[in-house]
Amino acid sequence: MTATLMLMDTMSGELKPVRAADGHRLRFYCCGPTLYDRAHIGNFRTFLVQDVFRRVAELSGLPTLHVRNVTNVEDKTIRRSQELGEDLAAFTARWKVAFDQDCRSLNMLSPHHEPGAVEHIAEQIALIETLMGKGMAYLGEDGSVYFRISEFPAYGRLSRLDARTLRSGEAHQSDEYDRESISDFALWKAAKPEDGPNHWESPWGPGRPGWHIECSAMSMKYLGPTLDLHSGGVDLVFPHHENEIAQSEGATGKPFTLHWFHVTHLMVDGAKMSKSLGNLYTLDDIKAMGFSAAEMRYVLIAGHYRKPLNFKRESLEAARLALKRLASVQALLDQAAGGPALATWDNLCGAEKTQDTLGHFAPAWEALLDNLNVPKALGEVFTACHEVERMSRDGSLPPEQAVVERQGLVLLLASLGLILPVPSPEADEAPGEVQQLAQQRWEAKQAKNWGEADRLRDLVAARGWRIKDRKDGFDLVRS
RNA sequence: GGCGCGGUAGCCAAGUGGUAAGGCAAGGGUCUGCAAAACCUUUAUUCGUGGGUUCGAUUCCCACCCGCGCCUCCA
C-alpha cells in the first residue's frame with residue numbers, strides 16, 4: 001500500500017511525492033482571497049481542495065505548516081473602499097470576518113498563519129531593494145518599480161510560456177512607456193491621487209506594493225526561501241506564480257517552490273461563473289436555497305481537482321442524500337462496534353493505514369493518496385458501505401470487524417472533512433401539536449382505523465413533518 | 001493565434017491495452033394495512049468524430065469537432 005501522497009506537479013507535469021524537504025514538516029503556501037467582496041463557491045472550490053490536501057497529508061503522517069495570505073491592498077480593495085468612503089483596513093477587515101465565517105462553516109482547517117499584505121510592507125520593500133541591488137528591478141518613469149524580466153531567463157517555465165509568444169500591443173496602452181519591456185511587471189506602484197490615503201513610504205517615494213510581491217515576501221518570511229509546495233487556482237499560474245518565481249528566485253538565487261499544485265476552476269450550469277451571467281453564488285446564496293455548508297462542501301470536493309467541475313443545484317440534492325447514506329452507515333457501525341468512536345486527529349494521523357486497520361475502506365484511502373482522487377475515493381467509500389451493510393445483514397460483522405470498518409470510515413470522513421447529518425430522530429423538536437397528531441395517528445393505526453390514520457398523517461405532513469414508522473412506534477423527522 | 005485542461009449512461013463522475021467504479025434520478029423487489037424510511041436489484045455492447053498501431057483500444061498515435069482556462073493583477 002502506498003504510504004506517500006502523490007500529487008501532480010504543474011512545473012514538471014508529473015506525479016511527484018509530497019515531501020517535506022526538512023524531512024519533518026511540509027511547509028506549504030496557498031494564495032488566499034482578495035478582501036473586497038464575499039468569496040464565491042468557485043473560490044471555495046480551490047480552498048476546499050487545499051483543505052483536503054492538507055488533511056490527507058497530515059493523516060498520511062506528514063505534519064504541515066500551512067500559510068495562506070489575504071490580499072488586503074490592491075486595486076479593487078482600494079477602489080471599493082474609496083467609493084464607500086471607508087477606511088481600507090476597516091473595509092478589508094469586514095470581508096475577512098465574512099471569509100472566516102464561511103471557512104468555518106465549510107469545516108476548513110485554519111492555516112497556521114494568515115498574513116496580510118498591509119502588515120508586511122517592510123518585508124516587501126526589503127525584497128524589492130534586494131532585487132534593485134541585483135539589477136533585477138528598476139525605477140520606471142512613472143515612479144513605480146518594475147521587475148526586469150530580461151534579467152531572469154527562466155521566466156515562463158511554469159506556464160510553458162515562450163517569451164516570444166507573449167501577446168503584445170494595444171491592450172496595455174500608455175503605461176508601457178514607463179517600462180523597459182512590455183513584460184516587466186510592477187513590484188511597487190507609485191501613489192496616485194485616486195488611491196486616497198492608501199500609500200506607504202518607501203525608498204522610491206510613497207506608493208504601495210504590487211500584487212505579486214506580497215506572496216513572495218510573506219511566503220518566504222514564514223516558510224523560508226524554498227517552499228515545499230505552493231498552491232492556487234489555475235488562473236494564477238500566469239502571471240501571478242510566474243512572477244512570484246521571478247521575484248523570489250531573483251532575490252535569493254534559490255529554488256522558490258519544489259512542488260506546484262493548481263486547482264481547476266468551477267463551472268456553473270456548464271458555463272464560466274460570472275456576475276453578468278447571474279450564476280455566481282456565495283455560500284449564503286447556497287444556504288438561502290435551503291442547503292447546508294456541509295452539502296456544499298461535499299459537492300465542491302467531489303470532482304477531481306484537475307478537471308473542471310460543473311456545479312448545478314441537482315448536485316446539492318445528490319450530496320444531501322449521499323451524506324445521509326454515510327450517516328446511516330456510521331450509525332450502523334457505531335452500534336455494531338458497541339459504542340461511538342473516539343478518535344482524535346493526532347490519533348488518526350499516527351495510525352497505521354492498512355487493509356487490516358481500515359477494512360473495506362482501505363481502497364478509498366489509497367485513492368486519496370493517488371493524486372487526491374476524491375471521486376474515486378467516494379466511489380470506494382460507497383462500495384465499502386455496501387459491504388458493511390451486507391455483512392451486518394448476514395450477521396458476519398462481529399464487533400472487532402465493526403471497529404476496523406469504522407476506523408476506515410472515520411479516516412475517510414476526516415480526510416474529506418465531511419460532517420454527517422445527525423441521523424437520530426428529532427421527535428422532541430417537533431411542536432406539541434404535531435406530536436399530538438402523530439400520536440393520535442399511531443393510535444388510530446393500532447386500532448386499524450386506516451382512514452383516520454391516513455388523514456392524521458396528512459395533517460402531520462402538511463405541518464412539515466414526516467412520520468417514520470417503527471415496529472413499536474414512530475419517529476418524526478422534518479420533511 | 002499560442003500554451004494548458006477536458007469531452008464516459010437522463011444528470012454528476014472514476015477508470016483500464018483485454019471487453020466500463022460510485023452518487024443522484026428512473027424501473028422492479030423486500031418491508032408496510034397502504035405509505036414513508038431503509039435495504040436488495042436492474043439500467044452504457046459503449047466511452048466527442050474519423051483514421052492508424054495492435055490478436056484486441058474507451059484506454060496508445062495522428063487529424064478533426066466541441067467545451068473550459070490562461071496569454072499582465074480573476075480561485
Side-chain angles (χ1 to χ4, degrees), chain A residues 10 13 30-34 39-50 71 74-76 156 159-162 164-168 171-172 175-176 179 182-186 189 210-212 231-240 242-243 262-267 270-274 298-299 302-304 306-326 328 332 363-364 367 373-386 389-390 392-393 423 445 448-451 453-454 457-458 461 466-471 474-475 477 479:
Chain A
T10 312
C30 300
C31 291
T34 299
H40 58 251
I41 59 175
N43 296 313
F44 282 116
R45 179 192 190 185
T46 298
F47 299 136
L48 246 10
V49 167
Q50 291 162 344
T71 296
E74 49 71 79
D75 292 352
K76 289 187 292 288
S159 52
R160 293 166 179 76
L161 187 76
D162 188 317
R164 290 167 310 187
T165 68
L166 266 177
R167 205 190 247 182
S168 58
H172 319 309
D175 56 328
E176 69 185 86
R179 291 177 276 174
I182 192 69
S183 307
D184 291 350
F185 58 91
K189 294 185 158 192
W211 174 42
H212 314 293
S231 177
V234 270
D235 56 316
L236 297 184
V237 172
F238 187 89
H240 186 57
E242 205 69 77
N243 292 351
H262 290 102
V263 183
T264 301
H265 277 354
L266 179 74
M267 312 230 299
K272 179 184 177 176
M273 189 167 46
S274 74
Y298 185 97
V299 170
H304 191 106
R306 301 257 307 160
K307 286 178 73 170
L309 176 65
N310 188 20
F311 169 76
K312 16 172 58 175
R313 185 198 169 88
E314 292 89 314
S315 320
L316 287 164
E317 321 247 3
R320 170 168 296 175
L321 277 301
L323 288 168
K324 269 179 74 175
R325 173 82 193 289
L326 293 174
S328 87
L332 183 161
N373 194 337
V374 176
K376 179 168 189 189
L378 286 170
E380 297 291 357
V381 164
F382 284 102
T383 301
C385 286
H386 281 294
E389 287 162 339
R390 185 191 56 73
S392 169
R393 220 174 24 254
K445 181 187 165 180
K448 300 197 191 301
N449 186 352
W450 310 130
D454 291 350
R457 183 168 61 192
D458 288 345
R466 200 172 56 207
I467 294 172
K468 294 172 70 172
D469 282 342
R470 300 190 313 265
K471 283 189 287 287
F474 62 90
D475 295 323
V477 294
S479 51

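The figures that follow rest on heavy atoms only: side chains count, while hydrogens, waters and symmetry mates do not. A, B, ... follow the sequence lines: proteins, then strands. Residue 1 opens every chain.
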* Base paired to B:C70 (Watson-Crick or G-U; both N/O distances under 3.5 angstrom) -> B:G2
* Name the closest nucleotide to the A:His40 side chain, picking from B:C70, B:A75, B:C39. => B:A75
* **Whole-angstrom distance between B:G10 and B:A44, as gauged at atom C1'** => 12 Å
* Asked: Can you tell me how far P in B:A37 sits from the matching atom in B:G27, rounded to whole Å?
  -> 13 Å
* Structure fact -> Under a 3.5 Å limit on both distances, the Watson-Crick or wobble mate of B:A9 is none
* **Side-chain heavy atoms of A:Leu316 within contact of A:Phe311, under 4.5 Å** => yes
* Out of B:A75, B:C68, B:G33, which nucleotide sits closest to the side chain of A:Leu266? -> B:A75
* Asked: Atom CZ of A:Arg45 and atom P of B:C12: how far apart are they, to the nearest Å?
  -> 14 Å
* To do: Select base, sugar-phosphate, or nothing to describe what A:Asp469 touches, counting heavy atoms under 4.0 Å on all strands.
  => base
* When all nucleic acid strands are considered with a 4.0 Å heavy-atom cut-off, which category describes A:His265: base, sugar-phosphate, or nothing? -> base
* To do: Take the angle between the ring planes of A:His212 and A:His240 and call it parallel below 30°, perpendicular above 60°, tilted in between.
  => tilted
* To do: Determine the Euclidean distance between corresponding C1' atoms of B:U8 and B:G67; express it in Å to zero decimal places.
  => 15 Å
* Asked: Hey, does A:Leu309 reach any base, or is it just sugar-phosphate, or nothing, if we go heavy atoms under 4.0 Å?
  -> sugar-phosphate
* Side chain proximity check, A:Tyr298 to A:Leu378, heavy atoms < 4.5 angstrom -> yes
* Between B:U54 and B:C61 - P atom distance, rounded Å -> 16 Å
* Spacing of A:His304 atom NE2 relative to B:U8 atom P, expressed in whole Å -> 16 Å
* Among B:G69, B:C11, B:C40, which is the nearest nucleotide to the side chain of A:Arg393? -> B:C40
* Structure fact -> Atom NZ of A:Lys324 and atom C1' of B:A38 are separated, to the nearest Å, by 10 Å
* Asked: Which atom names give the shortest non-hydrogen contact between A:Arg160 and A:Gly13, and what distance separates them?
  -> NH2-N, 3.7 Å
* Asked: Which value, in whole Å, describes the distance between the C1' atoms of nucleotides B:U45 and B:A20?
  -> 11 Å
* Asked: On a whole-Å scale, what distance lies between the C1' atoms belonging to B:G51 and B:A75?
  -> 40 Å
* Structure fact -> Ranking B:G15, B:C71, B:G6 by distance to the side chain of A:Asn373, first place goes to B:G15
* May I have the distance from A:His240 (atom NE2) to B:A75 (atom P), rounded to whole angstrom? => 10 Å
* A:Lys76 near the nucleic acid: base, sugar-phosphate alone, or nothing, with a heavy-atom cut-off under 4.0 Å? -> sugar-phosphate
* Provide the Watson-Crick or G-U wobble partner of B:A38, both distances under 3.5 Å; none if there is no partner. => B:U30
* Structure fact -> note: A:Phe238, atom CZ; B:A75, atom C1'; distance rounded to Å ~ 17 Å
* Between B:C47 and B:A9 - C1' atom distance, rounded Å -> 10 Å
* Asked: Is a donor on one side and an acceptor on the other found under 3.5 Å between the side chain of A:Glu242 and the backbone of A:Ser159?
  -> yes
* Structure fact -> A:Lys468 NZ to B:A37 P, in whole Å, measures 9 Å
* Value in whole Å for how far the C1' atom of B:G33 lies from CD1 of A:Ile467 -> 15 Å
* Structure fact -> Closest non-hydrogen atoms of A:Val299 and A:Ser315, given as atom of the first, atom of the second and distance, are CG2-O, 3.4 Å
Using the 3.5 Å cut-off, write out each protein N or O paired with an N or O of nucleotides 22-29 of chain B and the distance between them.
| from | atom 1 | to | atom 2 | distance (Å) |
| --- | --- | --- | --- | --- |
| B:G23 | OP1 | A:His386 | NE2 | 3.1 |

* With side chains defined as the heavy atoms from C-beta onward, is the minimum distance between A:His262 and A:Val234 less than 4.5 Å? -> yes
* Derivation of the salt bridge (Lys or Arg N to Asp or Glu O under 4.0 Å) call for A:Arg393 and A:Glu389 -> CA-CA 6 Å; A:Arg393 220 174 24 254; A:Glu389 287 162 339; 5.8 Å; no
* Structure fact -> Side-chain contact check for A:Ala453: nearest option of B:C5, B:C70, B:G33 is B:G33
* Asked: Just how far is it from atom CE of A:Met267 to atom CZ of A:Arg45, taken to the nearest 0.5 Å?
  -> 10.5 Å
* Asked: Which nucleotide, B:C39, B:U72, B:G15, lies nearest any side-chain atom of A:Lys376?
  -> B:G15
* Please state how far atom NE2 in A:His262 lies from atom C1' in B:G4, giving the value in whole angstrom units. => 12 Å
* Asked: For A:Asn310 and B:C12, is the shortest distance between a side-chain N/O and OP1 or OP2 below 4.0 Å?
  -> yes
* Among B:U72, B:A75, B:A14, the nucleotide that comes nearest once only the side chain of A:Lys307 is considered -> B:A14
* Asked: B:C60 pairs with which nucleotide, Watson-Crick or G-U wobble, both distances below 3.5 Å?
  -> B:G52
* Toward the 5' end of RNA chain B, which comes first, A:Arg457 or A:Gly232, by nearest nucleotide? -> A:Arg457
* So what does A:Asp454 touch, heavy atoms closer than 4.0 Å: a base, only the sugar-phosphate, or nothing? -> base
* Expressed as a whole number of Å, how far does the P atom of B:A57 sit from that of B:C70? -> 38 Å
* Taking every non-hydrogen atom, the tightest pair across A:Thr46 and A:Gly232 -> CG2-C, 3.9 Å
